[in-house]
Amino acid sequence: MTTIASGTDTLTRDALAVLQPGFTGTSAPSWLLRRLGEGLASVGLFGRNIATPAQVAALTAQLRAERDDVLVAIDEEGGDVTRLEVRTGSSFPGNHALGAVDDTALTEAVAHELGRRLAACGVNLNWAPSADINSNVDNPVIGVRSFGADTSLVARHTAAYVSGLQSAGVAACTKHFPGHGDTAVDSHHAMPRIDAELPVLESRELVPFRAAIEAGTRAVMSAHILVPALDPVHPATLSRRILTGLLREELGYDGLIVTDGMEMQAISATYGIERGSVLAIAAGADAICVGGGLSDEPTVLRLRDALVAAVRSGELPEERLADAAARVRALAAWTASTQTTPSTPSSAGSAVGSEAGSDARTDVGLVAARRALKVTRGAHFAPVTEAPYVAAFTPVANIAVGDETPWGVAAELRRLLPGAETGSFTGERAGAEALAAAGSRRVVAVVRDAHRHTWMAEALDILLAARPDTVVVEMGVPQSPPRGALHIATHGAARVCGLAAAEAIAGA
């Protein structure tokens with residue numbers, strides 16, 4: 001590769017400063033440390049970088065030994081989208097469960113405790129919360145990541161989440177501006193489009209972002225979506241009308257604007273990540289998120305050089321790049337002023353998930369999950385007193401959630417009802433196969449967004465026709481009417497949601 005940038009000039013340092021790259025491994029590679037010394041100001045952590053609390057604390061200490069004010073970002077929404085607890089499931093319910101409870105003090109407490117655990121590991125920027133309104137029930141990527149479908153509810157809980165997270169010294173990054181809820185396409189795969197008129201956008205999509213700005217959110221993440229009422233040509237991430245005209249000038253937002261992952265197909269397949277990054281900075285973005293899929297040094301160099309070349313050619317004003325870099329450094333300075341020393345390896349066990357203690361503070365996630373349950377008893381209700389068969393009807397996970405994080409109720413039911421067995425089923429024969437596998441045992445059917453998957457609804461039809469005493473646990477958006485002898489809506493698939501549901505099934 002031929003590079004056009006040196007490692008020392010101001011332009012190069014600014015180009016590196018606006019990048020938020022990822023990497024592979026559980027310790028920092030030498031190339032990443034070298035780039036931090038040359039001006040890189042941010043690093044993104046993903047599930048592949050997480051092993052234990054002590055390891056994360058050691059990793060962030062390694063990064064800060066090279067640059068003490070580095071922004072260490074993570075996509076830790078809690079609920080279905082977890083990176084800290086990617087292998088076990090989250091200790092916190094996600095937004096939809098918090099919205100179902102509708103207690104802003106609880107939302108703030110959950111966000112504060114999650115932020116405390118992030119800070120204990122040395123993480124100081126969280127790409128959360130989602131402020132998207134779940135106005136399209138067929139949305140394949142938002143769903144339980146949203147607080148709900150009611151505008152005012154989403155707004156007040158977004159503000160509470162921002163306040164709670166930032167009270168722990170972790171910067172919130174409210175997403176996905178100007179709102180990803182009314183889409184039927186996942187921007188990881190293609191370009192979504194929202195055709196709502198401007199008055200609808202102003203009274204619906206933009207309201208939670210106004211609330212987040214009022215609450216002092218330190219960062220906002222742009223969405224890779226086309227909104228013709230705002231800009232008929234460019235997706236939000238690349239739109240000056242949306243990022244500068246609307247977000248900066250009309251809404252008065254003065255913090256950091258971060259892009260969603262630039263390797264997502266909505267951008268990479270239409271503009272390419274180099275061209276997309278230049279256009280995003282020119283439009284008003286300050287930081288380029290990349291690293292979920294592309295996580296190597298050549299990617300960083302390609303983007304660095306594309307930005308430098310765009311400035312030298314006159315396509316990207318140098319002062320715009322300098323302003324973006326200054327905003328990144330300003331956020332880094334804020335986090336540096338609020339951070340505490342990360343937990344040492346010997347004491348960091350309380351920083352993540354199931355290793356946390358059992359005091360009231362660390363149990364706030366389970367308290368919230370229990371409160372979020374909606375339990376409906378049907379005509380054939382009878383208590384589950386013996387070990388059941390748990391049939392998990394498993395859809396394809398979206399990329400934001402990932403397929404490496406366990407979900408369901410089987411593990412917790414085994415503890416409460418020893419001998420419980422489980423199987424995973426999918427496709428048109430799922431119902432018949434689950435019946436055959438269950439034999440004479442009581443069936444607990446676990447689904448996720450049954451309203452979006454015809455095969456899943458048909459599997460429930462088959463089960464309930466043959467076994468009307470079936471217990472149904474909906475761990476997605478509970479859009480379909482309650483069915484079964486006992487129907488439990490958890491409003492999310494976090495580990496604590498599964499635990500709360502298992503307790504309800506077993507009568508614990």
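In this chain, numbering begins with 1 at the start of the sequence shown.
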* To do: Identify, with sequence neighbours excluded, every residue that meets ring-ring contact (aromatic ring centres under 6.0 Å, His included) alongside Y161.
  =>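 Y161: no ring-ring contact (aromatic ring centres under 6.0 Å, His included) contacts found.
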
Taking only residues two or more places apart in sequence, or in another chain, which ones meet [X] in a side-chain hydrogen bond (donor to acceptor under 3.5 Å, both in side chains)?
X    : answer
T24  : none
R483 : D461
T490 : none
S42  : none

Under a 4.5 Å cut-off applied to non-hydrogen side-chain atoms, are R452 and Q479 in contact?
->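 A side-chain contact under 4.5 Å is absent here.
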
Do the non-hydrogen side-chain atoms of V477 and H96 ever get within less than 4.5 Å of each other?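 Yes, side chains in contact.
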
Atom pair CD1/CG of I505 and L417 - distance to nearest 0.5 Å =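 If we round to the nearest 0.5 Å, I505:CD1 and L417:CG are 8.5 Å apart.
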
Residues which pass salt bridge (Lys or Arg N to Asp or Glu O under 4.0 Å) with R377, listed by chain and number, not counting sequence neighbours:
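Checked R377 against salt bridge (Lys or Arg N to Asp or Glu O under 4.0 Å); zero matches.
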
task = Tell me, please, which residues at least two apart from E412 pass salt bridge (Lys or Arg N to Asp or Glu O under 4.0 Å).
result =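 Scan of E412 (salt bridge (Lys or Arg N to Asp or Glu O under 4.0 Å), adjacent residues dropped) gives R415.
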
Residues which pass side chain to side chain contact (heavy atoms under 4.5 Å, CB included) with V101, listed by chain and number, not counting sequence neighbours: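 Residues passing side chain to side chain contact (heavy atoms under 4.5 Å, CB included) with V101: D103, L106, R371, A372.
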
Just grab all the salt bridge (charged side-chain N to carboxylate O under 4.0 Å, His left out) pairs involving [range], residues at least two apart or on different chains.
range            : value
residues 196-206 : D182-R204
residues 206-229 : R210-E250
residues 152-163 : D102-R156
residues 165-177 : D75-K175, E77-K175

Report task. Could you please spell out the steps behind the side chain to side chain contact (heavy atoms under 4.5 Å, CB included) verdict for R442 and D469? Result -> CA-CA 7 Å; R442 185 84 175 268; D469 64 345; 3.2 Å; yes

